[in-house]
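Heads up: the structure comes next, in C-alpha cells.
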4 protein chains.
Amino acid sequence: MSKKEAIVQSAIRIFTEKGVEKTTISDIVKHAGIAQGTFYLYFPSKLSLMPAIAEVMVKTTLQTVIDTVKPKSAFQDRLRQFVDAIFEVNREYHEIQAMIYSGLASTEHLKEWETVYAPIYEWISGQIAHAQKDGLIRNDSPPDALAKLIIGLTESAAEQIYLYDEIGQDSRAAKQKEETLKFLLMGLGVPS
Amino acid sequence: MSKKEAIVQSAIRIFTEKGVEKTTISDIVKHAGIAQGTFYLYFPSKLSLMPAIAEVMVKTTLQTVIDTVKPKSAFQDRLRQFVDAIFEVNREYHEIQAMIYSGLASTEHLKEWETVYAPIYEWISGQIAHAQKDGLIRNDSPPDALAKLIIGLTESAAEQIYLYDEIGQDSRAAKQKEETLKFLLMGLGVPS
Amino acid sequence: MSKKEAIVQSAIRIFTEKGVEKTTISDIVKHAGIAQGTFYLYFPSKLSLMPAIAEVMVKTTLQTVIDTVKPKSAFQDRLRQFVDAIFEVNREYHEIQAMIYSGLASTEHLKEWETVYAPIYEWISGQIAHAQKDGLIRNDSPPDALAKLIIGLTESAAEQIYLYDEIGQDSRAAKQKEETLKFLLMGLGVPS
Amino acid sequence: MSKKEAIVQSAIRIFTEKGVEKTTISDIVKHAGIAQGTFYLYFPSKLSLMPAIAEVMVKTTLQTVIDTVKPKSAFQDRLRQFVDAIFEVNREYHEIQAMIYSGLASTEHLKEWETVYAPIYEWISGQIAHAQKDGLIRNDSPPDALAKLIIGLTESAAEQIYLYDEIGQDSRAAKQKEETLKFLLMGLGVPS
DNA sequence: TATGAATGAGCGTTCATTCAT
DNA sequence: CATGAATGAACGCTCATTCAT
C-alpha cells in the first residue's frame, strides 16, 4: 500500500473512531506510520483529504450495492437488496457518511464532489431507466432525479437509526427498512 | 433579550455566515456584544450551544411550516406547501440545517435531540394520521414512521440543492421540488 | 461565626483538601456560603488571606502544644510531648504548614509574619530560658535562637514524613520522632 | 546546550527572579529563546518542570558542598564548612530551595523526588557513617536518619535568614550559623 | 453590608505547517 | 522521497475583580 493510500485509510479509520473534528493530522500520521511532513507531500491540508475519502467511501458503497443486488431478481427484490446495502454501509460508517452527506467538508472542494459522487448516481439512474423502459415502474420523472431522491430517502432513513450508537436496535432497523422499502415501491409506482 | 438569547442568536447568525467549524467563540461574543467570560456563564463549551440552537431552528422550521400550510387546502396542496416551506427554511439556513440534521453536533447531547425534534415530527405525524383516517392516502404505515420518511426525503432533496451557495438555481430548485412532491404523493398513495 | 471568620475557615479547609494553587476564590466563597463580592469587603486579594490563615494555624499549633505538654513533667518528657504535638499538627495540616513555612505566600506580607509567628517562638523561648536557668540544659545559646532551631528541626522532620500522603507509615513516624527527640536532647545538652 | 536544558536553565533563572507562581511559561520560553510550542515537546505542563529543576538544584547543592568541605579537615571543621555551603546555596537560590524543600511542586511527582534527592542524603550519610566508625561522634542513630535531621536543621536555619531579601543581614547570618553549628555539634555528640 | 452577574486581560495549550537534514 | 523537531498564531478558557442593585 502506498503512503498516500495509507494516509487515506488511516484517516477513514480514525474519523470513524473519534470523529472528524477531534482528529488531528498528528493522529493520522501516527496511525499510518509515517512522518508528520510526509502528509504534506500528498495533501496540502486536512480538508483536501475529504474528496479522497469520499471517493473511497463512494467506491465502498457502490461495491456493497453491486455485491448485494442480484441482477436477475425481480425489481422489488432488487430494491429491497439496495435498501439493505445502504443500511449496511451506514451502520458501519455512519460518522463518515454523515460528514460526506452533509457536505460539512468545507465549501472549497464542492466541484470535485459532483464528479466523485457520479458513479453511484449513475448506477441507480441506469437501473431506473431500465425499469422505466421495461414498464416496471410508473413514476416517469427523469431517472437522475429519481436516483437522488432514492438515495436521499434511504440514507436519511438509515441515519435516523444508526446515528445513535446504541445497541439492540436491530428490530427498529428492520422496521425502518420495511417502511422505507414500502415508501420507495409506492413512490416509484411499482405495481404490487 | 437576555444575554443567553443573544448568544444563541449570534451563534445562529455567524454559523450561517461562515460555517460552524470556522466560527470561534470570540466571533460569537463580539457579535453578541458581551464579554468573553460571559459566554461561559451560560454554556460550558461551543458544542453545548447545539441543543439550544437546534431548539430555535426546530421552532423556526415548525413555524414556517404552520404559516405556509393552509389547513383548508386539499391534501396534495398542503403537501406542496409543506415542501415549499422546508425548501425555504433550508435555503436560508442550509449550513445549520445540515449541522443539525447530520447530527454532527457531537454525540454528547443526543438524548436531548430527540425531545428537541419532537414537535416537528408530531405535527407531521398528526397530519398523516388525519389523512389516513379520512382515506386521503393509501400508505398505511404508522404515522410517525411516515413522518420521518417525509421529512428525511424532503430535507435531503432541499440540501442537494442549497448546499451549494451558487446563485441562479431557482429553476433547478423548482424542478427538484416538483419531483419531490410527485414522489411524496405516490409514496404516500395519494390518488391523483 | 462572622463572615470574615467563615472565609478564613473555608480557605483553610479547601487549601488542605485541594492545595493552595488550585483553590480559587470562587471555591472559598461557595464553601463559606457567601457571595463573590463579599470576599472583597474583608480581603483585598487572595494573597492577603495568608496572614489571617497563618494566625489561625499558629494559634492551633500553640494550643496543641500547650494542651499536650504537661508543665510538671520532667524536661525531656516535655520535649517528647512537644515533638508529638508538632508531628500531630503537621500530620493534619501538612499542606498549609508547608505553605506557611516555606513563605511561598508571597513576599508582600513578610512584615506581618514575624508578628504572627511571635507567640510560638516566645512560648518555646520561655521554656528554654527557664530550663537554662534551672540548669536543665547545657547549651547556652540565646533562648530565641534555640527556639528557632528547635521548631525548624522538628517541623522539617515532620514534613519529611507527612508530605507524602501514603498510609501505614506510623512506624516510620514513630522512629523519626525518636531520632528527632534524641537529637534535640543532645543538641540542647540535656543530661541523660 | 539542548533546548530542553535551555528550558530548565531559564526556568531556574526566572523562578529565582520573580517567584514560581508569577512566572509564566511565556516568560520561560522568551528567555530561552525558543517558540511557545517547543516547550510542550519536552514538558507537558509547568509543574512537570519541577523534578528536572530539583535535579539540577540537588546537583548544584551537592557540588557546592563537595567543593567547600575539605576532606582532611577535622570533623567539626568539616561540619562548619558544610553549614557554610548550605547557607551559601540558600542565599543564592532561596526561592527555589523553598519550593523544592516544601515539596509544593505538586503532589504528582513525589515518587521521583525520593530518587532525585538521594545523592545528597547519601553523601551526608556516608560522612556520618565514617565519623561514627571512627568514634568522632557519640550519637549512634542510623546515619541516614541523622542525615535527614542535619539537612533539615541546617536548611530551615538558612531559610529563616534568607527568605527575606533584605540586605545587611550578614551579621545575623553569621550568628545563626554559629548557633546552628553548635547545635549540630552537640546534637551529634562531637566532643568539644 | 451584601449581592452575583458581568467583565476582559492574560493564561496554558493546540496543531497545521515549514524546512534543514 | 522522507523526516520530525521546531514554529507561532490563534484558540478555549479561567478567575480575580468590579459595580449596579
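Everything numeric in this text was worked out from a predicted model, so none of it was measured.
Atom C1' of nucleotide F:dA16 and atom CD of C:E21 are separated by 16 Å, given to the nearest angstrom. Between A:F43 atom CZ and E:dA16 atom C1' the separation is 16 Å, expressed in whole Å. Taking atom NZ of A:K30 as the reference point, atom P of F:dG4 lies 12 Å away to the nearest angstrom. One atom, NZ of A:K22, and another, C1' of E:dA16, lie 19 Å apart when rounded to the nearest Å. For the pair D:I34 CD1 and F:dG8 P, the interatomic distance rounds to 11 Å; values are reported in whole Å. The interatomic distance linking A:D27 (CG) with E:dT17 (P) rounds to 15 Å, in whole Å. One can place CG of C:L49 at 11 Å from P of F:dA16, the figure rounded to the nearest angstrom. Summarising the geometry, the separation between CZ on B:F39 and C1' on F:dG12 is reported as 10 Å, rounded to the nearest angstrom.
Interatomic distance, OG1 of B:T60 versus CD of B:E55, reported as 11.0 Å (0.5 Å rounding).
Across all strands shown, E:dA20 forms a Watson-Crick or G-U wobble pair with F:dT3, both key distances being under 3.5 Å. In this entry F:dA9 has E:dT14 as its Watson-Crick or G-U wobble partner, both defining distances falling under 3.5 Å.
Distances shorter than 4.0 Å separate none of the side-chain N or O atoms of B:Y42 from OP1 or OP2 on E:dA5. For B:K3 and E:dT7, the shortest distance from a side-chain N or O to OP1 or OP2 is below 4.0 Å.
Taking the nucleotide of DNA chain E with the nearest heavy atom to each of D:K46 and C:A35, the more 5' of the two is matched to C:A35. If B:Y40 and C:S26 are placed on DNA chain F by their nearest nucleotide, the residue sitting closer to the 5' end is B:Y40.
Atom NZ of D:K18 is surrounded by more than 12 heavy atoms from other residues, nucleotides or ligands within 6.0 Å.
A:T38 comes within 4.0 angstrom of a base, heavy atoms only. Residue contacts for A:L41: at a heavy-atom cut-off of 4.0 Å it reaches a base atom on one of the strands shown.
For B:Q36, counting side-chain heavy atoms from C-beta on, the closest listed nucleotide (E:dG12, F:dG12, E:dA16) is F:dG12.
You'll find the side chain of D:F43 reaches within 4.5 Å of the side chain of D:K4, heavy atoms only.
Remark: A:K46 fails to qualify as a cation-pi partner of A:F39 under the 6.0 Å distance and 45° angle criteria applied to the six-membered ring.
A side chain to side chain contact (heavy atoms under 4.5 Å, CB included) with C:I7 holds for exactly one of C:L49, C:I53, C:I25, C:V29; it is C:L49.
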